[in-house]
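See structure below.
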Amino acid sequence: MIDLKALRNDPERFKDGCRKKNSDVDIDLLLRLDTQRRDLMSRAETLRGEQKKLAKESGPKIGQLSGRLKSAQGDDRAALEAEISQLKAAPAKLKERIAALEVQLNEVTPQLESILLRVPLPPDPDVPVGASSDDNVELRRWAPEGWDWEKSFEQNRGFKPKTHIELCADLGLADFPRGVKLAGSRSYILTGMGMRLHQAVLRYALDFMVDRNGFTPMSVPVLVREEAMVGTGFFPGGRDQAYHIEETSRGGGADMFLTGTGEVGLMGLHQNEILDEGDLPLRYVTVSTCFRREAGAAGKDTAGLYRIHQFDKVEQVVICRADEQESRDWHQKMLGYVEDFVQSLGLPYRLLQCCTGDLGAKNADMIDIECWMPGRSALRADAPDDSPTAPNTPPAGEFGETHSASRLYDYQCRRLNMRTRPGGAGGKGETVFCHSLNNTVAASPRILIPILEIFQNKDGSVSVPEVLRPYLGGLDRIPPK
RNA sequence: GGAGAGGUGGCAGAGCGGCUGAAUGCGCUGGAUUCGAAAUCCAGUAUGGAGGUUUCCUUCAUCGGGGGUUCGAAUCCCCCCCUCUCCGCCA
């Protein structure tokens with residue numbers, strides 16, 4: 001959520017942010033509602049103040065008179081009753097007027113809030129302006145010794161690459177038909193070494209962040225309340241992407257949602273807390289199953305392990321002091337960890353600066369890492385009909401997104417009401433909303449695609465990246481079955 | 001799933017229709033005392049919104065959340081959430 005006061009002071013900045021992010025949120029309407037609401041509130045508050053004063057002044061008197069009324073007779077009684085109803089009349093009148101204002105407030109406030117929740121965080125000025133992912137800018141590339149970006153896989157390695165789907169079949173790593181039988185499209189079953197490789201990457205990634213980079217490992221719920229989805233900024237915008245468990249219709253107290261990333265659990269941990277500034281930055285890592293409906297992606301990446309409804313992900317988040325430079329520094333560090341990680345696996349990749357149109361409402365800046373997937377272009381369903389995608393044509397290869405590093409400033413912490421102050425909740429000084437950042441460490445099985453495709457050998461086997469071998473009992477090669 | 005108890009400030013814990021934004025204790029901050037410290041004493045110490053004559057003042061809201069009763073609600077009523085205890089079931 002953005003700061004309503006900041007919006008009031010500088011609406012242009014937020015309108016500009018909307019334009020850059022292709023958001024159609026009506027800032028002018030929001031401002032009008034805000035003015036209306038504050039006006040109604042101040043009027044209601046003034047009246048309530050009067051009412052309180054009256055209640056204090058005439059209240060005890062009413063009590064007294066009511067007491068006397070019980071034993072009063074005749075004329076006395078009538079006089080007392082008249083006096084009481086007169087005393088009651090003034091506050092009752094105020095109450096009516098307040099109620100009328102509140103009716104209006106109850107109309108304006110939800111409208112205002114629903115718009116406010118959708119106002120995107122303006123992108124940072126150094127983020128390139130663009131309409132879609134087509135306008136993203138490559139920052140740099142890295143490849144292991146012996147990989148030449150100028151050459152195709154075949155020229156680099158001396159044989160035609162198989163796609164990860166072919167490799168999964170030949171090596172017995174995944175069973176797609178049975179996955180679909182069980183759970184429908186975009187479902188899969190990892191089998192044998194496929195499952196072990198998946199677990200090895202996840203465990204390696206978790207250890208990498210804990211042992212080498214000092215992150216605290218956490219388990220988090222993947223089944224959460226709506227509040228956590230709104231707080232982390234995935235709702236209302238991304239409602240269609242989440243699986244919805246309708247518990248209220250079966251008598252439960254609250255509906256639940258399956259999370260699409262461990263970020264929800266990690267960021268929700270300290271919701272409504274005032275953290276001690278001295279405890280920051282908090283650095284958390286989790287491995288969790290992620291669920292995504294992939295609504296609107298029909299027909300895209302339908303085959304293989306790329307775009308699936310359920311996967312596992314090691315995710316890192318950092319919660320730091322509300323300081324732009326500190327946020328920027330952490331963003332770079334978190335990218336650095338992942339570059340080290342991907343390099344240790346030996347996967348060629350590039351860093352991609354996402355343009356404003358590709359950012360999403362909650363990010364000020366986002367940098368993706370895309371790994372080279374030699375078999376990927378053959379899988380494109382949106383390729384033109386005359387493109388060389390016939391079965392015998394070797395795939396040209398393509399980058400595929402494997403990581404995404406976001407810098408959110410206080411957007412998320414404001415929604416989560418996560419603040420900081422020297423000394424924590426009982427400390428002194430102003431409270432301020434923290435800053436937060438997140439980045440993938442490894443999402444599997446997607447990351448298995450470049451691993452299998454890059455490490456495939458001419459004889460049809462796949463070599464195991466060295467860093468994963470300790471997690472597979474020293475195994476260095478997965479042979480065809 | 002059944003039965004019961006409870007959710008109050010940073011923490012512990014009173015209050016159970018008006019004098020309570022909230023006793024008391026602890027903690028924390030400042031001051032006094034001291035060569036210094038401990039102890040003691042004094043004072044202060046929630047969050048958010050709106051407004052202003054903007055190192056401060058005024059005002060409104062908040063005692064798990066929402067709704068209601070009342071001139072007036074932390075206190076009474078209803079719904080929900082959460083925690084704990086016992087029983088049942090269970091990985």
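Protein chains get the first letters and strands the later ones, always in sequence-line order, with residue 1 at the start of each.
The residue among R38(A) and R419(A) whose nearest nucleotide of RNA chain B lies closer to the 5′ end is R419(A). Projected onto RNA chain B by closest heavy-atom contact, L54(A) and T431(A) fall at different nucleotides, the more 5' of which corresponds to T431(A).
With C1' as the reference atom, C26(B) and A74(B) are 23 Å apart, rounded to whole Å. Comparing A46(B) with G9(B), their P atoms are spaced 13 Å from each other, to the whole Å. One C1' atom belongs to U69(B), the other to G17(B), and the distance between them is 12 Å to the nearest Å. Of the P atoms belonging to A61(B) and G6(B), the separation is 29 Å, rounded to the nearest Å. Spacing of P atoms, A23(B) relative to U45(B), comes out at 11 Å, to the nearest Å. The separation of G51(B) from A73(B), taken at their P atoms, amounts to 26 Å, rounded to a whole angstrom. The C1' atoms of G67(B) and A14(B) are separated by 28 Å, rounded to the nearest whole Å. Nucleotides C80(B) and A22(B) have their C1' atoms positioned 26 Å apart, rounded to a whole Å.
Atom CG in N417(A) sits roughly 15 Å away from atom C1' in G65(B) (whole-Å rounding). Protein atom CG of D39(A) is 18 Å distant from nucleotide atom P of C60(B), rounded to whole Å. Here the P atom of nucleotide C60(B) and the CG atom of L101(A) are 16 Å apart, to the nearest Å. Remark: P of G48(B) and NZ of K5(A) are 9 Å apart, rounded to the nearest angstrom. Spacing between atom CD of Q271(A) and atom P of G64(B) amounts to 18 Å, rounded to whole angstrom units. When the P atom of C60(B) is taken as reference, atom CG of L40(A) falls 18 Å away, rounded to whole Å. Between the CZ atom of R225(A) and the C1' atom of G64(B) there is a distance of 12 Å, given to the nearest Å. Nucleotide G67(B) holds its P atom 13 Å from the CG atom of L105(A), rounded to whole Å.
With sequence neighbours left out, E246(A) forms a salt bridge (charged side-chain N to carboxylate O under 4.0 Å, His left out) with no residue at all. Listed by chain and number, the residues in a ring pair (Phe, Tyr, Trp, His ring centres under 6.0 Å) with F176(A) amount to none (sequence neighbours excluded). Residues passing the ring pair (Phe, Tyr, Trp, His ring centres under 6.0 Å) test with H435(A), sequence neighbours excluded: Y409(A). Listed by chain and residue number, K5(A), A6(A), R414(A) satisfy the side chain to side chain contact (heavy atoms under 4.5 Å, CB included) test with D3(A) (two or more places apart in sequence, or in another chain). Take H270(A) and apply the ring pair (Phe, Tyr, Trp, His ring centres under 6.0 Å) test, not counting sequence neighbours, and it matches Y284(A).
Under a 4.0 Å N-O distance rule, the pair E263(A)/K362(A) qualifies as a salt bridge.
Taking a 6.0 Å sphere around CD of E324(A), one finds it holds more than 12 heavy atoms contributed by other residues, nucleotides or ligands. Atom CZ of R38(A) has more than 12 neighbouring heavy atoms from other residues, nucleotides or ligands inside a 6.0 Å radius.
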Using a 3.5 Å cut-off and no angle test, enumerate the donor-acceptor pairs between side-chain atoms of residues 471-481 of chain A and protein atoms at least two apart in sequence or in another chain.
unit_1	atom_1	unit_2	atom_2	d
Y471(A)	OH	D207(A)	OD2	2.7
R477(A)	NE	S461(A)	OG	3.1
R477(A)	NH2	D459(A)	OD2	3.2

Distance-only criterion, 3.5 Å: show the donor-acceptor pairs between side-chain atoms of residues 218-240 of chain A and protein atoms not counting sequence neighbours.
unit_1	atom_1	unit_2	atom_2	d
E226(A)	OE1	R239(A)	NH2	3.4
E226(A)	OE2	R239(A)	NH2	2.6
T232(A)	OG1	A228(A)	O	2.6
T232(A)	OG1	M229(A)	O	3.3

Criterion side-chain contact (heavy atoms from CB on, under 4.5 Å) on C354(A) and D368(A), from CA distance to verdict | CA-CA 7 Å; C354(A) 294; D368(A) 285 356; 3.6 Å; yes
Would you list the protein and nucleotides 6-13 of chain B atom pairs, both N or O, that sit under 3.5 Å from each other?
unit_1	atom_1	unit_2	atom_2	d
G10(B)	O4'	G426(A)	N	3.4

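At the heavy-atom level, R8(A) lies under 4.0 Å from the strands shown only through sugar-phosphate atoms.
Residues in residues 2-22 of chain A take part in no ring-ring contact (aromatic ring centres under 6.0 Å, His included) pair, two or more places apart or across chains. Residue pairs meeting the side-chain hydrogen bond (donor to acceptor under 3.5 Å, both in side chains) criterion with at least one partner in residues 109-122 of chain A, sequence neighbours excluded, are absent.
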Would you write out the dot-bracket form of RNA chain B, 5' to 3', with Watson-Crick and G-U pairs under 3.5 Å, [ ] for crossing pairs, | for pairs to other strands and . for unpaired bases?
-> ((((((((.[[[..)..(.....]]]((((((.......))))))(((((((...))))))).[[[[[..)....]]]]])))))))....
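Near RNA chain B, defined here as any heavy-atom distance below 4.0 Å, the residues from residues 41-53 of chain A are M41(A), E45(A), R48(A), G49(A), Q51(A), K52(A), listed numerically.
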